[in-house]
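All values reported here derive from a predicted model rather than from experimental measurement.
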Amino acid sequence: MEAARIIPIFLVSAPFAAIARITISSFYASKKTGLAYFLIFIEPVLMLIFMLFLLPLFGGQIMIWWSTVFARIVSAFLAWIMKIYVDKRGFSYA
């Protein structure tokens, strides 16, 4: 019965995870590995931050699952912003 409560929460984050993964792949393909690494590592950092603060503030084990959703939403938003910036202004390491 616990899985029946958690799977819908997990599925909320699936489109946001897809946006981030596709953007990461596009950064790898265009040799912008620094941006790809940033997006890869920001998600677990955000998860940790959200898990540390949401669990004590709002309580309950269910907030652990919502923390992953919030982290994926924020990382997808960052990926989208970074992609727009790179497409408009370009980005180079030189």
With the side chain counted from C-beta on, respond yes when [X] and [Y] share a heavy-atom pair under 4.5 Å apart, and no when they do not.
X: M82; Y: T23; value: no
X: F50; Y: M63; value: no
X: R72; Y: F10; value: yes
X: W80; Y: I84; value: yes

For residues [X] and [Y]: do they belong to one hydrophobic cluster (side chain heavy atoms under 4.5 Å, members Ile, Leu, Val, Met, Phe, Trp, Tyr)?
X: F27; Y: I19; answer: no
X: I22; Y: I81; answer: no
X: F53; Y: V45; answer: yes

So how far is it from [X] [atom1] to [Y] [atom2], rounded to the nearest 0.5 Å?
X: L78; Y: I73; atom1: CG; atom2: CD1; result: 12.5 Å
X: S30; Y: L35; atom1: OG; atom2: CG; result: 8.0 Å
X: M51; Y: W65; atom1: CE; atom2: CH2; result: 8.0 Å
X: S67; Y: I49; atom1: OG; atom2: CD1; result: 11.0 Å

Can you name the nearest heavy-atom pair linking [X] to [Y], along with the distance?
X: A20; Y: S75; result: CB-OG, 4.4 Å
X: I42; Y: L39; result: CG2-O, 3.4 Å
X: V69; Y: I9; result: CG2-O, 3.2 Å
X: A71; Y: E43; result: CB-O, 3.9 Å

Just checking Y28: does its OH atom have more than 12 heavy atoms from other residues, nucleotides or ligands closer to it than 6.0 angstrom?
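Enclosed.
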